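We use all heavy atoms of the structure for the numbers below, so side chains are in, but hydrogens, waters and symmetry mates are not. Just so you know, these numbers come straight off a predicted model, no measurement behind them.
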Amino acid sequence: MPFPSENVCVVVAAYNEAKVISGVIRELVGAFPAVVVVDDGSHDGTGDLALAEGAIVLRHAVNLGQGAALQTRSEEHTAELQSHSFISY
């Protein structure tokens with residue numbers, strides 16, 4: 001039985017992932033209605049590349065770590081996205 005993805009938001013915490021982020025986000029956007037990337041202080045254009053692939057991008061000015069990135073998602077977009085489930089990646 002396939003996993004129902006219509007009410008799922010995928011959250012990707014990313015730090016300096018410019019080499020791989022475009023391909024990852026492209027695949028996720030094709031499978032899930034909402035993809036949020038928390039750019040955790042990257043210096044290599046990670047957030048801009050994710051945005052270009054269709055992700056919602058939240059940015060930290062400095063690297064705060066994966067826990068802070070996931071907390072940022074929950075504070076910023078839980079109500080707005082109206083998702084029933086969140087998957088962190």
Side-chain angles (χ1 to χ4, degrees):
M1 174 197 258
F3 184 79
S5 64
E6 62 272 357
N7 292 318
V8 175
C9 175
V10 177
V11 181
V12 179
Y15 177 68
N16 289 336
E17 297 290 346
K19 291 182 181 179
V20 298
I21 197 73
S22 291
V24 169
I25 300 307
R26 189 175 309 119
E27 288 189 34
L28 290 172
V29 166
F32 296 95
V35 177
V36 175
V37 172
V38 181
D39 181 359
D40 196 21
S42 298
H43 302 287
D44 65 352
T46 294
D48 294 333
L49 292 168
L51 188 63
E53 293 297 338
I56 296 165
V57 177
L58 307 174
R59 300 176 194 261
H60 289 167
V62 297
N63 183 267
L64 299 174
Q66 183 175 10
L70 297 177
Q71 183 64 33
T72 295
R73 183 280 312 162
S74 71
E75 290 172 354
E76 297 285 333
H77 281 281
T78 299
E80 181 181 324
L81 291 171
Q82 300 177 351
S83 297
H84 297 291
S85 302
F86 289 87
I87 299 172
S88 57
Y89 179 77

For this session: Compare all side-chain heavy atoms of D40 with those of Q66 and state whether any distance is below 4.5 angstrom.
Result: no
For this session: Sequence neighbours left out, what passes salt bridge (Lys or Arg N to Asp or Glu O under 4.0 Å) with D48? Give chain and number order.
Result: R59
Problem set entry | V8 reachable from V24 in the ILVMFWY side-chain graph, under 4.5 Å edges | yes
Seminar exercise, completed: Nearest heavy-atom approach of G41 to Y15 is O-CE1, 3.5 Å
For this session: Sequence neighbours left out, what passes side chain to side chain contact (heavy atoms under 4.5 Å, CB included) with I25? Give chain and number order.
Result: V12, I21, L28, V29, V35, V37, A50, E53, A55
Exercise. Would a distance-only check, ignoring hydrogens and angles, find a side-chain to backbone donor-acceptor pair under 3.5 Å from T46 to E17?
Worked result: yes
Seminar exercise, completed: Between A69 and V38 the two heavy atoms that sit nearest each other are O-CG2, 3.4 Å
For this session: Answer with yes or no whether the hydrophobic clustering places L49 together with F32; edges join I, L, V, M, F, W, Y residues whose side-chain heavy atoms lie under 4.5 Å apart.
Result: yes
For this session: Work out which heavy atom in D39 is nearest to a heavy atom in G47; give both atom names and the distance.
Result: OD2-N, 3.2 Å
